[in-house]
Amino acid sequence: MPSPRAEVSDVAVSPDHFIGGKRVPSTETFEVRSPLDWDWKLADVARGDALTADAAVSAASAAFPGWAEQGPRRRAEHLHRLAGLIDDNIEEIAVVECADMAMLLESLQARVVHRGAENFRNYADLAAGHRGRRWSSKGTENEVQRMPAGPAVIITPWNAPWLLSTWKIAPALAAGNTVILKPAEWAPLSASLLADLAAEAGLPPGVLNIVQGIGDEVGAALVSDRRVRRISFTGSPETARHIGVAAARNIVPFTAELGGKGPFLVFADADLDAAAKKAAGQYDDSGQVCLAGTRLLVEESISGEFLDLFHRYTDKQVLGDSRSPSTTISPLIHPDHLRRVEGFVERARDHGDEIVRGGRRWKDDGLWYEPTLIAPKSNDSEVVQREVFGPVLTYQTFADEDEGVRLANSTQYGLSAIVYTGSEERAQRVGSAIRAGTVWVNTFLVRDLTAPFGGCRISGIGREGGDYALDFHSDLKTLQISQGTTG
Ligand code: NAD
């Protein structure tokens, strides 16, 4: 018997798993509360275990041959229907995601939920329009074909659950794989709505399965299952190490999109006002953004002028309830995470780093933390070298371009970077010298879904996005046919 649906901001959300096209409860549950008000309990969600993982992989394995055989064009029809339903349900998805993880309601309504629909449309069309490379060589006709690989496990973090789950599910399904999604336990609810829409769109049972639960319980069981042929993970480097071991045991390709500690470089020739405004914008979503430029690196000669502008823009940030249109900074996701962010700032203070602004909770009774700027004693300070994942930026200056690039490349991470400069030559030079999966010059977060996306160093393994994701979810085959006599 499926469990009763939970009412979340007047939207009925199933707390159960979605396996083989059916709602499946667990005897154990875990509690989900809203970061907007920690006294607001949203749901008791099914806590999957090894048996749940086994059932989900069985359902995905059974559905795989039929889904793979449909071919990219018929699969695209399903995915377009799903995209249409997402667009029809933007409001419901937005209010649930806002209650569940506190992303600003306005941006969910205006952009983020719709991006989920675009993910499905883009990958459906890209897969359907794909023509494998063909060429002649050594007396043979050659063709590269994509073969669907099998059931794929997708594991997502809590900071942008809707965006990231659709970004990762769409290419897997478009490529012909069946999917088991394990959303993060701190924000699992929008995934449940996606399951409803997948059923309504007529996706065959077992093509998309959603398993709820705790990472090192059902998550670990899923990634260890030998029938799984792809693992696509977004989260922390620590978890990626565990998943990588499981993937290696079964010789399963896996991609990992991990943490970041992006540099935000401002050169003296930049539009300082635009740079300062964008720098203050790194506090958006309370800094819980892997791509954020959290290390401000500013050319010495303009440091004072830049800082004045930066403070002016940061002063305009409004902390508050994410449902209010005037709010620009939401609460952090969870009390544990608030304590983690606090810990970084306390250790920085103890270490002798200078707290330039913020450095404390906004209110005693909520999960907000003030936008914080720290001038570190040295580049080795923990707060410079480790991802905080909160509204905490560091501030350092550099004397010239070489030093700026050296500092930019001086952490273990390499996910993204932001550069502000008025010189096209410098944009090319610095952009090329920075070691990161994405470098934005005079802009931020502009994403082309066909571009490769991922990180260098401990920010990740592999690339997703466009054809890169479709290739990842496929086994590539070279078909070689002799042009002449057999031999
Ligand atoms: P996390 O690694 O703690 O958890 C991510 C997911 O992994 C969750 O669903 C969790 O349940 C699951 N998990 C945990 N242990 C597991 C195990 N042993 N086996 C299988 N699954 C397991 O990360 P988080 O705290 O949810 O997310 C924050 C991190 O994600 C930050 O480091 C952030 O930078 C990163 N992130 C990266 C990107 C990117 O695209 N590079 C995007 C968003 C977030």
Side-chain angles (χ1 to χ4, degrees), residues 30 32 45 47-50 52-53 56 100-101 103 112 153-168 180-191 210-225 228 231-247 249 252 254-262 285-294 332-334 336-338 340-341 344 386-390 411-417 436-438 445 447 449 451-465 469:
F30 63 98
V32 178
V45 173
R47 182 170 182 155
D49 55 16
T52 320
D100 200 17
M101 64 76 58
M103 190 179 276
V112 176
V153 165
I154 292 175
I155 300 203
T156 47
W158 49 260
N159 69 315
W162 175 261
L163 195 74
L164 290 169
S165 57
T166 55
W167 159 254
K168 292 170 98 65
I180 306 116
L181 169 73
K182 209 297 280 171
E185 50 270 46
W186 282 358
L189 299 184
S190 61
I210 291 172
V211 163
Q212 303 285 11
I214 312 300
D216 56 12
E217 297 173 5
V218 72
L222 284 170
V223 297
S224 305
D225 193 303
V228 167
I231 300 171
S232 168
F233 171 69
T234 299
S236 63
E238 294 71 29
T239 305
R241 290 189 178 100
H242 291 289
I243 296 180
V245 169
R249 270 202 197 104
V252 175
F254 104 109
T255 53
E257 296 179 353
L258 308 176
K261 192 76 200 179
D285 287 321
S286 264
Q288 301 169 124
V289 178
C290 56
L291 297 165
T294 51
L332 293 163
I333 180 83
H334 194 282
D336 289 353
H337 191 55
L338 175 62
R340 182 176 180 274
V341 170
F344 272 102
R386 283 188 58 203
E387 182 187 49
V388 179
F389 221 49
T411 73
Q412 281 189 290
Y413 298 91
L415 185 61
S416 60
T438 304
L445 278 190
R447 290 285 313 282
L449 299 183
F453 179 80
C456 311
R457 298 175 174 153
I458 65 162
S459 289
I461 295 177
R463 292 292 179 269
E464 296 193 357

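For ligands, and for the atoms within them, numbers begin at 1 and follow the listed sequence. We use all heavy atoms of the structure for the numbers below, so side chains are in, but hydrogens, waters and symmetry mates are not. Here the structure is a predicted model, which means the values were calculated and not measured.
Rounded to the nearest 0.5 Å, atoms CD1 (Ile333) and CG (Asp100) are 6.5 Å apart. Put simply, CD on Glu217 and NZ on Lys182 are 9.5 Å apart, with the number rounded to the nearest 0.5 Å.
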Working note: Thr234 + Lys168, criterion side-chain hydrogen bond (donor to acceptor under 3.5 Å, both in side chains); need CA distance, chi angles, decisive distance, verdict.
CA-CA 9 Å; Thr234 299; Lys168 292 170 98 65; 2.7 Å; yes
Are Trp186 and His337 close enough, and set up right, to give a side-chain contact (heavy atoms from CB on, under 4.5 Å), and what steps lead you there?
CA-CA 10 Å; Trp186 282 358; His337 191 55; 3.9 Å; yes
Steps toward ring pair (Phe, Tyr, Trp, His ring centres under 6.0 Å) verdict (Trp158, His334)
CA-CA 10 Å; Trp158 49 260; His334 194 282; 9.1 Å; no
In sequence, state the C-alpha distance, the side-chain angles, and the governing distance for Val223 and Arg249, and then conclude on side-chain contact (heavy atoms from CB on, under 4.5 Å).
CA-CA 10 Å; Val223 297; Arg249 270 202 197 104; over 6 Å; no
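In terms of N/O distances under 3.5 Å, ligand 1 is not approached by Pro157. Here's the thing with Gly235: one of its N/O atoms is less than 3.5 angstrom from an N/O atom of ligand 1. For ligand 1, the polar-atom distance check finds an N/O of Glu185 within less than 3.5 Å of one of the ligand's N/O atoms.
Of the heavy atoms in Glu387, only side-chain atoms (C-beta onward) come closer than 4.0 Å to ligand 1. If you look at Thr156 next to ligand 1, the close heavy atoms, those under 4.0 Å, all belong to the backbone. Of the heavy atoms in Ser459, none comes closer than 4.0 Å to ligand 1. Contact annotation: for Leu258 versus ligand 1, heavy atoms closer than 4.0 Å belong to the backbone alone. If you look at Leu222 next to ligand 1, there are no close heavy atoms at all, none under 4.0 Å. Residue Trp186 does not touch ligand 1, judged by heavy-atom distances below 4.0 Å.
For atom 39 (C) of ligand 1, the nearest non-hydrogen atom from the set Gly455, Cys290, Gly219 comes from Cys290. Of the options Ser416, Ser236, Gly460, Gly215, the smallest heavy-atom separation from atom 17 (C) of ligand 1 is shown by Gly215. By heavy-atom distance, the residue among Val388, Val153, Thr438, Thr239 lying nearest atom 14 (C) of ligand 1 is Thr239.
Atom 12 (C) of ligand 1 has as its closest protein heavy atom Ile155 CG2, 3.6 Å.
For Ser286 (side chain) and Gln288 (main-chain N/O), no donor-acceptor pair under 3.5 Å exists by modelled atom type.
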